[in-house]
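Encoded as structure tokens, the structure appears first; notes follow it.
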Amino acid sequence: MVDPALICPVRADSITRWDYEADVVVAGFGVAGACAAVEAATRGAQVLVLERTGGWGGAAAMAGGFIYLGGGTPLQTACGFTDTVADMKAFMKAALGPGADEAKIDLYCEGSVDHYRWLAEEIGVPFKAEFWGEPGWEPPTDAGLMYSGGENSAPYNTIAAPAPRGHVPQMSDKQAGGERGGGYMLMKPLADKAAALGVESVYDMRVQALIVDADGRVVGLTAKRYGRMVAVRARRGVVLATGSFAYNDAMVEAFAPRIAGRPAASIEEHDGRAIQIAQALGADLAHMDATEVAFYCDPQLFVRGILVNGRGQRYIPEDTYPGHVGQATLLRNDNQAFLIIDEAAYEEGTSRPTATPQLRFPPTWVCETVAELETEMGLPAGTLQATVEVYNAHAMRGEDPVLGKKSEWVKPIGSPVAAIDLRGMTGGFTLGGLRTDLDSRVLHVGGAPIPGLYAAGRCTAGVSAGGYVSGASLGDGSFFGRRAGRSAACR
């Protein structure tokens, strides 16, 4: 546990020497912090970014790079797709709930096209006008657009007209993660832009606590660098952008225990520090139990079979966003999953291009009949047989009236038939955090903004609540990061 004395706010009148000083001080140099810094500097503020590691990037630079944008972006139009703000709003409110902040979603969707133009034209993030239509977590090529949230799958394709909204920065010879991924090509132009605007960055700085004046306004923060405590003054405001609490075991066990011991798609620096030091000032929190859940199986495989739980029953349309599959598996089916797939479908799936070949697992059991397979798997007698019988009866007509999988993926399961044991094959990251308003001001539990304190990114409760889509983190982190920088600079 954290010593309360280490996170409690420090009185400004106790500071005898300011080691650093700027108009706007940003804690964290990931996507939210970078966008806050650029926006504040653009508005004439002197900006200082404090980064815990030895360089810029954060989790964003290690990510696949999806930015969730829509409403008719130039990239969508260039790839031949029509989208509207109304459809984007309807989808996001359905997919990111329950409890999604509708006011934030409205603002985000209404500003989505302008945000794309800012990224592409003012920052210089490259996007290739090519659509990737295969199942997968991300394109294995440098294609710039993909369905990244199950928009064209049940039940969402009955709620709003589907459109692909996963915008991916272009990277030649792309590799999943690291400096060859799409996330790196989002962060590098942002870091370059910040440097060009005169933003100062100091690395190896671990934020410790906030500094407040006699009126309760945040006027800086303390940090530790190479074992020495330093004081940093912020003349206009502090922006917190240090990431989630996925790697804080105590916080995860307290707020999101279902992903305890299985962090994924995050970095160890995501220790919840920003949340804790703001809480010490009375900051409110939201959706602390909400999590994204990765499902460790190649979508090229499971889209061609059926996923069943520990009772041998299907529980989700297999052609949806893999993150929906992960959430359904871990949160609603006791982390129990098996992929049932016949030999022809398995061979077809393993022959298709993918960005995640490491998630193509060999069959755990192979049998001539479903009855034999059911016995080998140890499922209750008749359960899997009934599931496959119902599925195949409708699949003969290319239909799935039970869960609504699209006809292009619906084929009867034949013989030989196999099962891949996917029990426990999930991991995730946290979605909850500080409650902020539309201007990225951190809100006190009493409802009023805490003067001088702003936040964005995964340390906040953004547009996601009970659900998630790929690109929501980089999307709302960059969008509301800009608003945080603007608010701090123009207080």
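As the structure is a computational prediction, the values presented were derived from the model and not from experiment. Atom set for the values below is all heavy atoms of this structure, side chains included, hydrogens, waters and symmetry mates excluded.
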Just by distance, do the side chain of Glu269 and the backbone of Ile267 share a donor-acceptor pair under 3.5 Å?
no
Can you find a side-chain donor-acceptor pair between Ser464 and Asp476 that sits under 3.5 Å?
no
State whether the side chain of Ser440 and the backbone N or O of Phe480 hold a donor-acceptor pair below 3.5 Å, judged by distance alone.
yes
Mind listing the closest non-hydrogen atom pair of Leu431 and Gly467 along with its distance?
CD1-O, 3.8 Å
Residue pair Asn309 / Gln336, side-chain donor-acceptor N/O under 3.5 Å
no
Are any side-chain N or O atoms of Ser266 and backbone N or O atoms of Phe429, one a donor and one an acceptor, separated by less than 3.5 Å?
no
Looking just at side-chain N and O atoms, do Ser470 and Tyr321 make a donor-acceptor pair shorter than 3.5 Å?
yes
With sequence neighbours left out, which residue pairs that include part of residues 271-299 fulfil the ring pair (Phe, Tyr, Trp, His ring centres under 6.0 Å) condition?
Phe295-Phe302
Looking only at non-hydrogen atoms, find the nearest pair between Leu221 and Ala27 and report the distance.
CD2-CB, 4.4 Å
Report yes or no: does Thr320 contribute a side-chain atom to a donor-acceptor pair with the main-chain N or O of Pro317 at less than 3.5 Å?
no
So if I apply the ring-ring contact (aromatic ring centres under 6.0 Å, His included) rule between His324 and each of Tyr468, Tyr315, Tyr156, which one comes out positive?
Tyr156
Expected output: side-chain Thr291 to main-chain Val293 donor-acceptor under 3.5 Å:
no
What heavy-atom pair brings Tyr184 and Pro189 nearest, and what distance separates the two atoms?
O-CD, 4.4 Å
Just by distance, with hydrogens left out, do Tyr68 and Ser112 show a side-chain donor and acceptor under 3.5 Å apart?
no
Using a 3.5 Å distance criterion without hydrogens, assess whether the side chain of Asp213 forms a donor-acceptor pair with backbone atoms of Asp215.
yes
So, Ser473 and Arg458: side-chain donor and acceptor under 3.5 Å apart, yes or no?
yes
Is the number of heavy atoms from other residues, nucleotides or ligands under 6.0 Å of Glu110 CD greater than 12?
yes
Ring geometry between Tyr116 and Phe127 (parallel below 30°, tilted from 30 to 60°, perpendicular above 60°):
tilted
So, does Gln76 use its side chain to make a donor-acceptor pair with the main chain of Pro164 at under 3.5 Å?
yes
Tell me every residue that passes salt bridge (Lys or Arg N to Asp or Glu O under 4.0 Å) with Asp421, counting only those two or more places apart in sequence or in another chain.
Arg423
Enter the distance from Thr436:OG1 to Ile450:CD1 here, rounded to the nearest 0.5 Å.
11.5 Å
About how many Å separate CE of Met205 and OH of Tyr20, when rounded to the nearest 0.5 Å?
5.0 Å
Given Ile123 and Trp118, is the side-chain contact (heavy atoms from CB on, under 4.5 Å) satisfied, shown in steps?
CA-CA 6 Å; Ile123 304 301; Trp118 181 80; 3.6 Å; yes
Is there a donor-acceptor pair under 3.5 Å between the side chain of Asp284 and the backbone N or O of Val445?
no
Considering only NZ, NE, NH1 and NH2 on the basic side and carboxylate oxygens on the acidic side, decide whether Asp19 and Arg225 come within less than 4.0 Å.
no
For residues Arg165 and Ser148, report the shortest heavy-atom separation together with the two atoms involved.
C-OG, 4.3 Å
Gly64 to Glu138 - nearest heavy-atom pair and separation
CA-OE1, 3.7 Å
Check this for me: Arg332, atom CZ, are more than 12 non-hydrogen atoms of other residues, nucleotides or ligands nearer than 6.0 Å?
yes
NZ of Lys128: more than 12 outside heavy atoms within 6.0 angstrom?
yes
With distance as the sole test, does Ser478 use its side chain to make a donor-acceptor pair with the main-chain N or O of Gly475 at under 3.5 Å?
yes
Residue that, paired with Asp439, satisfies salt bridge (charged side-chain N to carboxylate O under 4.0 Å, His left out) out of Lys104, Arg482, Arg483, Arg486
Arg483
Closer than 3.5 angstrom, by distance alone: can the side chain of Glu102 be matched with the main-chain N or O of Ala100 as a donor-acceptor pair?
no
